[in-house]
Amino acid sequence: MLNWLVKIMKTLVKGLADFSPGCKTATRLQSEALDRKLPLRQRLGLRVHLLLCKWCRRYGKQITFLRDAAHEHADEMAEPVPQRLSDEARERIKQRLRTDKE
């Protein structure tokens, strides 16, 4: 009786593993899921993978954080920050370049 139950469990685990994508595919699917709704089979496979893989769960949290942060600060990213050296800094650089050539 116990042997039969073990065989069923092995078959079930193997079926879940076959259904679950690898890490490379899971990371790609997580990125795609931020932009569009995944088909049901891909969503289920990704969920199974995320149940089993803590590294991919961590990756998903990181890309979600980055996306949310980019959306929260989109106005700051759209405006270029003017970057200009002071006249004193320009002179120091020119002098340093002259002394290095000599």
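Heavy-atom basis, side chains included; hydrogens, waters and symmetry copies ignored.
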Chemist: In Å, rounded to the nearest 0.5 Å, how long is the span from CZ of Arg58 to CD of Gln62?
Modeler: 7.0 Å

Chemist: Test Arg84 against Arg90 for side-chain contact (heavy atoms from CB on, under 4.5 Å), laying out the working first.
Modeler: CA-CA 10 Å; Arg84 179 164 157 58; Arg90 287 177 185 265; 3.2 Å; yes

Chemist: Look up atom CG in Leu85 and atom CD in Glu91, then write down how far apart they are to the nearest 0.5 Å.
Modeler: 11.5 Å

Chemist: Any side-chain heavy-atom pair from Thr25 and Leu46 closer than 4.5 angstrom?
Modeler: no

Chemist: Does CZ in Arg47 sit with more than 12 non-hydrogen atoms of other residues, nucleotides or ligands closer than 6.0 Å?
Modeler: no

Chemist: If you measure from CD1 on Ile63 to OG on Ser31, what distance do you get to the nearest 0.5 Å?
Modeler: 4.0 Å

Chemist: Evaluate Leu29 against Arg43 for side-chain contact (heavy atoms from CB on, under 4.5 Å), listing each step before the verdict.
Modeler: CA-CA 8 Å; Leu29 289 174; Arg43 278 195 323 263; over 6 Å; no

Chemist: Which value, rounded to the nearest 0.5 Å, describes the distance between Leu52 atom CG and Cys23 atom SG?
Modeler: 10.0 Å

Chemist: Please answer whether the main-chain N or O of Pro21 pairs with a side-chain N or O of His49 as donor and acceptor at a distance below 3.5 Å.
Modeler: yes

Chemist: Hey, what do you get for NE2 (His71) to CG (Leu66), rounding to the nearest 0.5 Å?
Modeler: 11.5 Å

Chemist: Does one side chain, of Tyr59 or Thr64, offer a donor that lies under 3.5 Å from an acceptor on the other?
Modeler: no

Chemist: Show the nearest heavy-atom pair for residues Leu51 and Arg57, with the distance to one decimal.
Modeler: O-NH1, 3.3 Å

Chemist: Please list, chain by chain and in numerical order, all residues satisfying side-chain contact (heavy atoms from CB on, under 4.5 Å) with Arg36, sequence neighbours excluded.
Modeler: Glu32, Leu38, Pro39, Gln42

